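Predicted, not measured: the structure shown is a model, and the values here were computed from it.
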Amino acid sequence: MNARRLLAPTLRSASAVTLAAGGYIHAQLYVDGYRFIHIIGPLFLLQASASFALAVLLLMGTPPLLLRAAAAGVTLGALAGFTASRTVGVFGFTEHGLQPAPQALLSLLTETGTLLLLSVWQVTVTRQHRAARTPVRTPIRERATN
């Protein structure tokens with residue numbers, strides 16, 4: 001089989017795995033005590049639910065462009081929340097460094113990995129579509145008169 005034909009399904013599966021892993025980490029933190037933090041707890045649950053749902057939809061082969069954008073949005077939201085919680089705070093909630101360990105580091109790695117995989121997937125799909133298009137050629141009659 002052609003390696004290019006395997007690239008998109010591999011990127012789709014890997015993106016789904018890292019997205020679900022990030023969701024799992026947020027769900028675990030929710031259960032381990034974040035559920036008692038006002039506003040933050042429900043946001044962790046929402047992020048976990050959205051990550052799991054998008055991962056399943058990616059694996060099912062739903063039209064991927066909108067899903068890639070949604071997965072990137074969920075991932076960017078998680079990273080923005082992580083950054084904000086360690087700088088200015090989020091709804092009065094602040095954390096420091098890579099605490100809680102090891103979930104904070106694992107979350108950073110999975111979210112960054114998801115973004116990288118989604119980016120590579122998008123570039124691959126764009127290149128495949130460009131390569132599949134036939135070049136527009138001027139009809140022979142018009143070329144002769146120019």
Side-chain angles (χ1 to χ4, degrees), residues 1-35 37-95 97-140 142-143:
M1 243 186 153
N2 188 352
R4 288 185 181 188
R5 292 186 74 171
L6 290 175
L7 187 58
T10 301
L11 290 169
R12 175 191 303 258
S13 299
S15 297
V17 167
T18 58
L19 191 61
Y24 176 79
I25 292 166
H26 280 80
Q28 180 188 31
L29 288 169
Y30 175 82
V31 169
D32 288 346
Y34 277 55
R35 68 177 173 243
I37 302 171
H38 182 66
I39 298 177
I40 301 301
L43 288 175
F44 267 62
L45 188 59
L46 178 64
Q47 193 278 341
S49 301
S51 293
F52 289 138
L54 288 167
V56 168
L57 290 172
L58 281 173
L59 290 174
M60 287 176 47
T62 308
L65 180 59
L66 184 58
L67 286 179
R68 282 193 301 271
V74 166
T75 302
L76 286 170
L79 287 171
F82 182 88
T83 302
S85 72
R86 279 145 179 84
T87 55
V88 296
V90 180
F91 301 110
F93 176 75
T94 58
E95 291 181 299
L98 292 176
Q99 296 301 321
Q103 291 91 345
L105 179 60
L106 293 174
S107 179
L108 277 176
L109 292 173
T110 58
E111 306 295 346
T112 303
T114 300
L115 283 179
L116 288 173
L117 289 166
L118 290 170
S119 298
V120 171
W121 186 11
Q122 182 60 40
V123 168
T124 301
V125 168
T126 302
R127 285 186 180 166
Q128 285 175 349
H129 284 299
R130 284 186 184 155
R133 285 190 285 181
T134 56
V136 177
R137 302 184 108 192
T138 309
I140 295 172
E142 289 181 25
R143 276 192 271 165

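Heavy-atom minimum distance, Arg12 versus Gly61: NH1-CA, 3.0 Å. In this structure, Leu6 and Thr10 approach most closely via the heavy-atom pair O-OG1, 2.7 Å. Listed here is the closest heavy atom pair of Val90 and Ala84: CG2-CB, 3.5 Å. For Leu118 against Ala71, the heavy-atom pair with the smallest separation is CD1-CB, 3.7 Å.
A side-chain donor-acceptor contact under 3.5 Å links Arg35 to the backbone of Val31. Side chain of Ser107 to backbone of Gln103: no donor-acceptor contact under 3.5 angstrom is found. Panel note: side chain Arg86, backbone Gly97; a donor-acceptor pair is recorded below 3.5 Å.
With values rounded to the nearest 0.5 angstrom, Arg68 atom CZ is found 12.5 Å from Leu117 atom CG. Expressed to the nearest 0.5 Å, how far CD1 of Ile25 lies from CG of Leu106 amounts to 5.0 Å.
With contacts defined as side-chain heavy-atom distances shorter than 4.5 Å, the pair Leu65/Gln122 qualifies. Residues Leu79 and Leu108 have side chains in contact (heavy-atom distance under 4.5 Å, counting atoms from C-beta outward). A 4.5 Å side-chain heavy-atom check between Leu105 and Leu109 finds at least one atom pair inside the cut-off.
Taking Phe93 as the reference, Tyr34 meet the ring-ring contact (aromatic ring centres under 6.0 Å, His included) condition, with sequence neighbours excluded.
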Contacts under 3.5 angstrom, residues 13-22 side chains, donor-acceptor by atom type, not counting sequence neighbours:
| from | atom 1 | to | atom 2 | distance (Å) |
| --- | --- | --- | --- | --- |
| Ser13 | OG | Pro9 | O | 3.0 |
| Ser15 | OG | Leu11 | O | 2.7 |
| Thr18 | OG1 | Ala14 | O | 3.2 |
| Thr18 | OG1 | Ser15 | O | 3.1 |
| Thr18 | OG1 | Thr114 | OG1 | 2.7 |

What side-chain donor-acceptor pairs closer than 3.5 Å can you find for residues 38-54, not counting sequence neighbours?
| from | atom 1 | to | atom 2 | distance (Å) |
| --- | --- | --- | --- | --- |
| Gln47 | OE1 | His26 | ND1 | 3.1 |
| Gln47 | NE2 | Ser51 | OG | 3.0 |
| Ser49 | OG | Leu45 | O | 2.9 |
| Ser51 | OG | Gln47 | O | 3.0 |

